[in-house]
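The basis for the numbers below is simple: all heavy atoms, side chains too, and nothing from hydrogens, waters or symmetry mates. Here is the naming used below: chain letters follow the sequence lines, and residue numbers restart at 1 for every chain. Just so it is clear, the model here is predicted, and its values are computed rather than measured.
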Protein chains: 2
Amino acid sequence: MGILLKKCEKIGLRLTEQRRSVLAVLEEAKDHPNIHDLFERASKVDPNLSIATVYRTVKLLEELNVLTKLEFGDGIARYEVADRDHHDHLIDLKTGKVIEFYDEEIEKLQQQLARKLGYRLRGHRLELYGTLLEDEK
Amino acid sequence: MGILLKKCEKIGLRLTEQRRSVLAVLEEAKDHPNIHDLFERASKVDPNLSIATVYRTVKLLEELNVLTKLEFGDGIARYEVADRDHHDHLIDLKTGKVIEFYDEEIEKLQQQLARKLGYRLRGHRLELYGTLLEDEK
DNA sequence: GTAGATGCAAACTGTTTGCGAGGTG
DNA sequence: CACCTCGCAAACAGTTTGCATCTAC
């Protein structure tokens with residue numbers, strides 16, 4: 001049984017057919033799907049799923065901290081499961097490919113910086129945009 | 001004469017009434033105005049300015065690297081003059097206030113990280129979200 | 001059985017665009 | 001004068017919402 005499903009059960013969410021479909025898609029997604037992706041994938045299992053339901057489900061899950069919303073500056077929201085280890089993103093400017101990374105030192109520095117400015121760090125977003133070194137030859 | 005105006009002149013932009021108004025607003029903006037802000041402020045000088053023109057002007061300026069587009073995850077694009085020293089943003093979760101900061105060490109770390117992943121860093125976005133330490137008492 | 005979830009379509013928000021009129025260089 | 005830019009309104013894309021119906025608990 002999926003981790004997400006279990007989590008939602010624990011929260012006490014009503015587990016409808018539609019929510020199960022969306023959760024299943026999220027569960028097995030290796031990428032960072034947007035609403036349209038989720039809708040398309042879940043529709044294969046549940047053909048008369050409505051996109052409004054996907055919006056509602058995803059919004060709900062985001063508010064419950066089950067999902068994290070990502071916005072890479074193209075105006076399209078993407079989602080990923082929130083629970084996994086924290087990481088940031090590097091976006092390949094040529095291909096749009098998204099690479100996840102984590103760096104302890106940067107995390108610490110951010111914490112310190114916020115405090116220096118008089119704030120408690122509640123969250124952050126770090127995105128690196130780059131091009132493959134290989135492509136330079 | 002404003003720096004922005006001069007820059008646009010050098011680029012060879014046609015300097016219409018409307019563009020002058022928008023540039024003037026940007027020139028003196030101490031915050032990070034969105035399109036609506038720009039439209040309202042510029043409208044005071046140029047009452048029959050159209051919001052479509054603001055969109056067109058801002059888009060143009062962004063493409064010419066005169067402006068930088070900021071997106072803080074609420075779906076509203078904000079703008080700032082691109083030329084100033086690079087900096088990142090800390091967003092106050094309670095008030096929405098935006099504080100600018102710059103940290104050499106973080107900049108360097110990002111560069112190194114990208115290279116470690118096989119990329120040349122072309123840009124980045126770092127946003128810290130926090131709450132005032134003072135508010136905790 | 002009942003509160004809550006769904007599908008549908010209409011409404012909304014931020015942004016873009018086609019067109020004829022107007023202004024800049 | 002030619003080309004670019006403008007204002008207007010209509011078109012768009014992504015997202016939200018009102019309402020009647022349906023369903024998980």
Once you round it to whole Å, what is the distance between [atom2] of [N] and [atom1] of [X]?
X: L60(B); N: dT15(C); atom1: CG; atom2: C1'; answer: 16 Å
X: K10(B); N: dG25(C); atom1: NZ; atom2: C1'; answer: 20 Å
X: E62(A); N: dG14(D); atom1: CD; atom2: P; answer: 18 Å
X: I35(B); N: dT16(C); atom1: CD1; atom2: C1'; answer: 11 Å
X: K69(B); N: dG14(C); atom1: NZ; atom2: P; answer: 14 Å
X: R19(A); N: dC22(D); atom1: CZ; atom2: P; answer: 19 Å
X: L13(B); N: dC6(D); atom1: CG; atom2: C1'; answer: 15 Å
X: I76(A); N: dC12(D); atom1: CD1; atom2: P; answer: 18 Å

Shared ILVMFWY cluster between L67(A) and L23(A), side chains joined below 4.5 angstrom?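 Result: yes, single cluster for both.
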[X] vs [N]: side-chain N/O to OP1/OP2 distance below 4.0 Å:
X: K59(B); N: dT16(C); result: yes
X: R56(B); N: dT5(D); result: no
X: Q18(B); N: dG23(C); result: no
X: Y55(A); N: dT16(D); result: no
X: T16(B); N: dC4(D); result: no

May I ask you to say whether R125(B) pairs ionically with E127(B), meaning some side-chain N is under 4.0 Å from a carboxylate O?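 Salt bridge flag = yes for E127(B) with R125(B).
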Salt bridge between D92(B) and R120(A), side-chain N to carboxylate O under 4.0 Å?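 Result for this pair is no, no salt bridge flagged.
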Test of ring centre spacing under 6.0 Å for H124(A) and H89(B):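 Centroid separation for H124(A) and H89(B): 6.0 Å or greater.
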Candidate nucleotides dG7(C), dT15(D), dT6(C), ranked by approach to the side chain of S50(A) - the nearest: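 Closest of the options to the side chain of S50(A): dG7(C).
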Mind checking if I51(A) touches a base, just sugar-phosphate, or nothing, with heavy atoms under 4.0 Å?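 Answer is nothing: I51(A) stays at 4.0 Å or more from every strand.
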Using only modelled atom types and a 3.5 angstrom limit, is any donor from either the side chain of R14(B) or the base of dT24(C) paired with an acceptor on the other?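 Between dT24(C) and R14(B), which were checked side chain against base, a qualifying N/O pair under 3.5 Å is present.
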Show which side-chain atoms of residues 2-15 of chain B pair as donor or acceptor with protein atoms under 3.5 Å away, not counting sequence neighbours.
from: K7(B); atom 1: NZ; to: D83(B); atom 2: OD1; distance (Å): 3.3
from: K7(B); atom 1: NZ; to: D83(B); atom 2: OD2; distance (Å): 3.4

